[in-house]
Amino acid sequence: MLFNSFGFALFLPIVFMLYWFIANRHFRIQNIVLLLASYLFYGLWDYRFLFLLTFSILLDYYTGIRIHEAATPAKKKTWLFISISINLGFLFFFKYYNFFAESFAELLTSAGFHPDIWTLKIILPVGISFYTFHGLSYVIDIYKDRTTPTKNFVDYALFVSFFPLLVAGPIERATHLLPQVQAPREFELNKAVDGLRQILWGLFKKIVLADGCAKFANLIFASSDTVNGSTLVIGAVLFAFQIYGDFSGYSDIALGTARLFGFELLKNFSYPYFSRDIAEFWRRWHISLSSWFKDYVYIPLGGSRKGRNRAIINTFIIFLLSGFWHGANWTFIVWGGLNAIYFLPLLLSNRNRSNMEIVAEGRMLPTFRELFAMIFTFAQVVFAWIFFRADNLSHAFRYISRMCTTLFHKPDIFPVTTFAIIAIFLVIEWLGRESPYAIAKIGIRIPTPARWSFYLLLILTMIALHEKNQQFIYFQF
Amino acid sequence: MRTFLIKVIFFSSLLLAIVIGCATRVPEFEKENFIGSIVEKHKRLDSISGPRLLLAGGSNVAFGVNSKSVEDSFHLPVVNMSLHAGLGLDFVLGELKATVRKGDVVLLVPEYFAGEGRSVLKELAAYYYAPSESYTIPTFEEQLDKYLDGTMSRIKSNKENLIKYLRERARGKKDERPVYNRYSFNEYGDMVAHLNEKKLEILKDGDAMEYQHWDGIAKINAFAAYCKAKDVKLMFTYPTYAASCYEKNKPVIAQYHSDIVKEMHIPVVGVPADFVYPDEEYYDTVYHLRKDAREKRTAKLIALLKEQQVLMN
């Protein structure tokens, strides 16, 4: 079920009513309602993968308890190893088996052999990367004594499968979400209204910004061998806004939906395109994944505490892993590697934490220096997105080569309306950049008639510009 | 909670009222819609008393065949029934089923992997030509989709037409008639307004295809049985396709062709490569031929049909 579908527009109010009116006697009954709703939500994609999801939940629920109750460190480690191996084994099988088989076959072929490698027709279960990471964080946190396991299976199952975050995150932590699951929730008017407002903004980002950009970005990437360089630059910029609108829009809908049920999820985006360097970008883009890799991979590997060389290696490891997490394609790995290369000079010169505060905080406009830094960072990010979006590495290199050789030609197309939408969107985001999401303060600052007119305008724009059957990009991950 | 529900209900009602208002069909705006040409096509179908050669499929046939040349070659009145791939294969077959009669010859030319089509286009076709409503039996989901997609499309269409109307009022003269217009077709049902237009810089619909076994084969076989019972000759051929996309999708198209040759129970005219032309020969999508290649494709089609000898008896 897509967030931007009619089915979800029916599903959400029904679950909301059941949750607050029928099941409101006890939060444990509410948890059961949410768990059943989450299973229905997921089962409507493909019911067969419910078994995989259930197995993953049972595995981590059980191993979590065993790790906690293990009498010796060695036994703890064994249970942790079992959990991580099985979780990553499933992830590897469903997501990466064919990639490794094909890459191995290509390697052997280039060495003169003619291997008969088996590839399998594997369907990628929606959300597997997300719920696997939920489970991993849970067992690792128990192992590290950051949390204790829950004995209530429903609570744990809900933590992993809560429908707003099940298929595309944010990647939650047991230390953050589980305590909310285990405590009663009170309905709060302001929180619920704020949730609806964030859902509206997320839908606007997806339907108007992302889908509007997708139409032209797809066209340009599909015709990249025939259009000129300036058009290819336009294509890459449009993809940058497509993926931002798509993924951050999804996250806004997820956060808003969770808030309707009294939950606060981790923030996943914080105006990344206003970043002044690539380190800041990565603190603001897909925050839940970046912080996951930082906490569970980078820091355990020693982070930057074990000398310069080790810091360089660790940086490459997490960026490459982050690329690989997105999918079994060399394009994602190169994308990750490129970001590591961008990041290294900042790390080596100890400037990776120099832009921690919000840009131009308390001011209406940025300084020229800030503006230049934002544009430069955006250009770096857009360049890396070419690899992320391309069908394969050869496509990406052809794209870049053609872009460079015919850069100063007149663009073959220039979607004026789409760029006007991007401009309006950037203004709204800039004005709202000190809030959790861009239109959060509208609820406080603007009188009701004007506020409602603004909401109606957003909805009518969505209707007038919507494209049918548009998937969210991150569902494939 | 009460306040929240009252606010939500009030806002939703306001929104619904505005949406219904914006989605009301304005007949004045719809007069020249491209899909409206279904009326003229059916007028021609009804005006011919004897056997006919019917060209059916999506816009690749509407834009890319010179029906007069075909008619002159086979001395059989031709009707180009094709309109839009978005109407779907079911619609095309349903329309043919309601139209064919003894002695007719039908050449089916659907776009690659032609699917079920969009209900909003079918609804639009029914708005102009009421009998077309019976060409497909919509499922509950399609019915629902018809209302939702239809409402959204009407809002879009009203918005565009309102802008056009205001622009014309401001300028004091009418806009030039666009290519996609009900009156852009000739008497045979061929789209002709685009023939001398320049190629657009980027051709649309050029995405990479993914192979899947085409369920259209079974549907066409079922229709073939119907045609046999009615003494109607049915043939199948491939759409035209821009060279760059053909190259990109060659393995998928080869598999598509192989499935068709193996499983389709009717004569298959030519192979996909017969109708591939350089990108410069196309107008706005990888299926829409411009003037010169349209003539080449027509000549090729005539030659292949002659080889088949179905039309020579």
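A, B, ... follow the sequence lines: proteins, then strands. Residue 1 opens every chain.
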Worksheet item: Is the shortest side-chain N to carboxylate O distance from B/E168 to B/K164 below 4.0 Å?
Response: yes

Practice prompt. Could you look at A/I413 and say if it's the side chain, the backbone, both or neither that has a heavy atom under 4.5 Å from chain B?
Written response: side chain

Practice prompt. Could you tell me which residues in residues 14-27 of chain A have at least one non-hydrogen atom under 4.5 Å from a non-hydrogen atom of chain B, sorted by residue number?
Written response: A/F16, A/M17, A/W20, A/F21

Worksheet item: So what's closer than 4.5 Å to chain B heavy atoms on A/V193: side chain, backbone, both or neither?
Response: both

Fill in: CA sep, side-chain torsions, deciding dist, call: B/Y283, B/H288, ring pair (Phe, Tyr, Trp, His ring centres under 6.0 Å)
CA-CA 6 Å; B/Y283 165 51; B/H288 293 171; 7.3 Å; no

Worksheet entry | Residues which pass salt bridge (Lys or Arg N to Asp or Glu O under 4.0 Å) with B/K250, listed by chain and number, not counting sequence neighbours | B/E247

Item to complete: Identify which part of B/L15 has an atom lying under 4.5 Å from any heavy atom of chain A, answering side chain, backbone, both or neither.
Response: both

Item to complete: Output yes when A/D211 and A/K215 qualify as a salt bridge under the 4.0 Å nitrogen-oxygen rule, no when they do not.
Response: no

Worksheet item: Do any of residues 448-456 of chain A have a heavy atom less than 4.5 Å from a heavy atom of chain B, and if so, which, in residue order?
Response: A/W452, A/Y455, A/L456

Discussion item. According to ring pair (Phe, Tyr, Trp, His ring centres under 6.0 Å), who are the partners of A/F387, at least two apart in sequence or on a separate chain?
Written reply: A/F397

Discussion item. Counting only non-hydrogen atoms closer than 4.5 Å, does B/K159 touch chain A with its backbone (N, CA, C, O), its side chain (CB onward), both, or neither?
Written reply: side chain

Discussion item. Between B/Y112 and B/D205, is there a side-chain donor-acceptor contact under 3.5 Å, judged purely by atom types and distance?
Written reply: no

Practice prompt. Quick one: sort the B/Y256 and B/W214 rings into parallel, tilted or perpendicular, breaks at 30° and 60°.
Written response: tilted

Worksheet entry | Donor on one side chain, acceptor on other, B/E263 and B/H213, under 3.5 Å | yes

Fill in: Aromatic plane relationship, B/F34 with B/Y180 - under 30° parallel, 30 to 60° tilted, over 60° perpendicular
tilted

Worksheet item: Can you find a pair of side-chain heavy atoms, one from A/F216 and one from A/V237, that are under 4.5 Å apart?
Response: no

Worksheet entry | Atom group of A/L196 that falls short of 4.5 Å from chain B, counting heavy atoms | side chain

Worksheet entry | Criterion salt bridge (charged side-chain N to carboxylate O under 4.0 Å, His left out) on A/E188 and A/R259, from CA distance to verdict | CA-CA 9 Å; A/E188 289 176 44; A/R259 201 167 295 138; over 6 Å; no

Fill in: Which portion of A/L460 sits near chain B, non-hydrogen atoms under 4.5 angstrom
side chain

Response to the item:
Assert top hit (heavy-atom pairs under 4.5 Å, partner chain B, pool A/P13, A/A464, A/A222) equals A/A464

Worksheet entry | A/Y399 and A/H395 aromatic ring geometry - parallel, tilted or perpendicular at 30°/60° bounds | perpendicular

Item to complete: Tell me, out of B/T3, B/I202, B/L5, B/I155, who's got the most heavy-atom pairs with chain A below 4.5 Å.
Response: B/I202

Worksheet, complete the sentence: With B/T240 as partner, the option from B/Y277, B/Y282, B/Y246 fulfilling side-chain hydrogen bond (donor to acceptor under 3.5 Å, both in side chains) is B/Y282

Discussion item. Counting only non-hydrogen atoms closer than 4.5 Å, does B/L200 touch chain A with its backbone (N, CA, C, O), its side chain (CB onward), both, or neither?
Written reply: neither

Practice prompt. Flag the one option from B/K204, B/K248, B/M1, B/E201 with the top tally of heavy-atom pairs under 4.5 Å to chain A.
Written response: B/M1

Discussion item. Ring of A/F221, cation from A/R389 - is the NZ or CZ under 6.0 Å from the centre and inside 45° of the axis?
Written reply: yes

